[in-house]
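Since the structure comes first, as structure tokens, the remarks are kept for the end.
Proteins get letters first, then strands, A, B, ... in listed order; numbering begins at 1 in each. All of these numbers come straight from a predicted model, not from anything done at the bench.
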Protein chains: 2
Amino acid sequence: MDTITIKDIARALNLSTSTVSRALRDSYEINTETKRLVVEYAERLQYRPNPIALSLKENRSRVIGVVVPQIANLFFSQVINGIEAVAYNRGYHVSIFQSHESYERELATVQQVVARKADGLLISLSSNTCNVAYLRQLQEKKLPIVLFDRVSKDLEVPSVTADNFAGAFAATEHLIQTGRRRIAHVAIPATISIAQERLAGYRAALEQYGIPYEEKLVRHAGFGPNEVDPIVDDLLQQKPDAFFAASDRLAIGCLTALKKRNILIPRQIALIGFTNITVADLLDPPMTTVEQPALEIGQVAAGRLIDLIEGKQNAVTTDSLKIPTRLVIRASTKAGA
Amino acid sequence: MDTITIKDIARALNLSTSTVSRALRDSYEINTETKRLVVEYAERLQYRPNPIALSLKENRSRVIGVVVPQIANLFFSQVINGIEAVAYNRGYHVSIFQSHESYERELATVQQVVARKADGLLISLSSNTCNVAYLRQLQEKKLPIVLFDRVSKDLEVPSVTADNFAGAFAATEHLIQTGRRRIAHVAIPATISIAQERLAGYRAALEQYGIPYEEKLVRHAGFGPNEVDPIVDDLLQQKPDAFFAASDRLAIGCLTALKKRNILIPRQIALIGFTNITVADLLDPPMTTVEQPALEIGQVAAGRLIDLIEGKQNAVTTDSLKIPTRLVIRASTKAGA
DNA sequence: TTGTACGCGTTATCAC
DNA sequence: GTGATAACGCGTACAA
């Protein structure tokens, strides 16, 4: 992996490294002829400036670090696409990392990202992250940080999320309006910030329609492989007439569990998912969903972060942007459809 | 982002930077007491060595670059999980990048990865990449490279793929054995290496069962948003009794198209997908699939690359490892099920 | 218009 | 047992 450097060019052309450097950066003070010579030679040798040396010198890298709990999740991979689109246009490279829902890995990954002089950090917290002290420290050291989706109120940085409250409200309201009253809610782990908001939206809808909230109809499911099944069993004990699943994974888990038990959707049970799965309309019957604006979340978060990096915005603002969700009705929750 | 360096420690403790460096690296020649002092102080100030400086000095980074066409694809994200598991255990960080099916972005991304002194490159080629000269150059500069899934025979580097021939053979054979004879094949773009192998597997199965190969029953579909629909239309003109879809995306596209046209699966048409989608058994009827061993591909590829990096294997070997696929029968292709 | 010298953070080499 | 120095590749203040 022998790389060609500015020195090599200088030596070959009998110039000093500074002249070469300036010529390559098209400095006004360099003779046109010299410039041509240098640029031509550099071109021919495929010279590429060493970003590592630059990072060391300038203490920055034009790289944005992105840390998500998992990549094998359409929501997060779409967010990343949004991030990349914006970052690329504004001249930043994006490095992607996974925390695998582990606090320790998240910590280690973020430290690595920081040590490598990422100019900013976009992060969605792992479900096991309760302590964000390490992020606060970084923030105090002036590292630009923007949280998205899985955010934390203990951290005074900008955050970008879907409007989870409104989304959950719309989902629940839709179920109620189509005649359901005992709506079970399979929620994501309570440690995740947005779990609360989705729960709140669910409760608010019930309240608005005069339906009492029953704790027994709500269960949180973690990320274990076989967690959803027994939870659905338990919830079925409560004789629900609908399920509101709070994520892709849980929606699929519920569908599978209900199918195993030969429960007809939507005849016996209506199901609505807070998701991004593309196959919702392939199911029979198709599933109504609350679509998360993943791409837009990524775009907005990246834009916000880059503004922060480039000092275009006050760094101490703690705005939390909420991107609207979209209720996509696919007939499944229309009673008896 | 003020970071604490070895210099700071040296100054504070009235030592030289070299002493501090040695103390931190637990060098035998340093006084125990001095060591203790240094280590303690470093601990207290949360000193972290600067990997950028190390990379500059040592011309390596303990980072593996991974480039995939897209992340929003369960196959690739699972491969990445396999890669990470192995890399992490062997002390490497993994940086993930997308080429977005564009040759230009792939090229730019790889250059960036190389410029940042990644110790090795794991790459699955974009569908628009016909020219791998740039990779050959890197290989000649001794950069360890391992290809996976979308490989190239024009490149003499190790490659890891699913056994696409056997998988396609098994899928086609299954359709034949369940009574189908006019099997349409919706293939991935012909530029992608594995398209050929899947096609070959399909043809071999036909041949073995004495069914003539018909060109009109095979169509390649690109990545455009509305490409699959008209192709399915065309294929239906040929009165097929089965579809073999060569990827997740295409399987879903076929299902959607057939559903739109009110064609019953599997009564009128049997469908089999070469995929990794987790919802195959939620469909009604469930879809039989050829499962790709994504996780294992990632693990094997990463292991192979790290062996290369660490010189444990001859760098010029051009082994191409094929990981077995698995035919998962979910009743859909059983005629009349 | 061009060249010299320095510093970014680290470690290896050589000196004391 | 410890310190000074050079080197990795680059850009720039300063000198010529």
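With D:dC10, C:dT1, C:dG3 as the candidates, the nucleotide lying closest to the side chain of A:P49 is D:dC10. If you check C:dT11, C:dG9, C:dG3 against the side chain of A:L56, the one that comes closest is C:dG9. For A:N31, taking side-chain heavy atoms from C-beta onward, the closest of the listed nucleotides C:dT2, C:dT10, C:dC8 is C:dT2. If you check D:dG3, C:dG7, C:dT10 against the side chain of B:R22, the one that comes closest is D:dG3. Here the side chain of A:R25 is nearest to one of D:dG11, C:dA12, D:dC10, namely D:dG11.
Across all strands shown, A:I52 has no heavy atoms under 4.0 Å from either base or sugar-phosphate atoms. In this structure, A:T5 reaches the sugar-phosphate backbone alone: every heavy-atom distance under 4.0 Å involves primed, P, OP1 or OP2 atoms, never a base. At the heavy-atom level, A:D8 lies nowhere under 4.0 Å from the strands shown.
Nucleotides of DNA chain C nearest to A:S18 and A:Y28 differ in position, and the one nearer the 5' end is that of A:Y28. Where B:T17 and B:E58 each meet DNA chain D at their nearest nucleotide, the meeting point lying more 5' is that of B:T17.
Across the protein-nucleic acid pair, A:E29 atom CD and D:dT12 atom P stand 10 Å apart, rounded to whole Å.
With respect to B:D307 and B:R304, no salt bridge is recorded, no charged nitrogen being found less than 4.0 Å from a carboxylate O. The existence of a salt bridge linking A:R136 and A:D154 is excluded, since no basic side-chain nitrogen approaches an acidic carboxylate oxygen closer than 4.0 Å.
Considering only side-chain N and O atoms, B:T34 lies under 4.0 angstrom from the phosphate OP1 or OP2 of D:dT2. Dashed line: the shortest gap from a side-chain N or O of B:K7 to OP1 or OP2 of C:dC8 is under 4.0 Å. When the side-chain nitrogen and oxygen atoms of A:T19 are compared with OP1 and OP2 of C:dT2, none of them lie within a distance under 4.0 Å.
The environment of B:E33 atom CD is dense: over 12 non-hydrogen atoms of other residues, nucleotides or ligands sit within 6.0 angstrom. For CD of A:E29, the number of neighbouring non-hydrogen atoms (other residues, nucleotides, ligands) closer than 6.0 Å is greater than 12.
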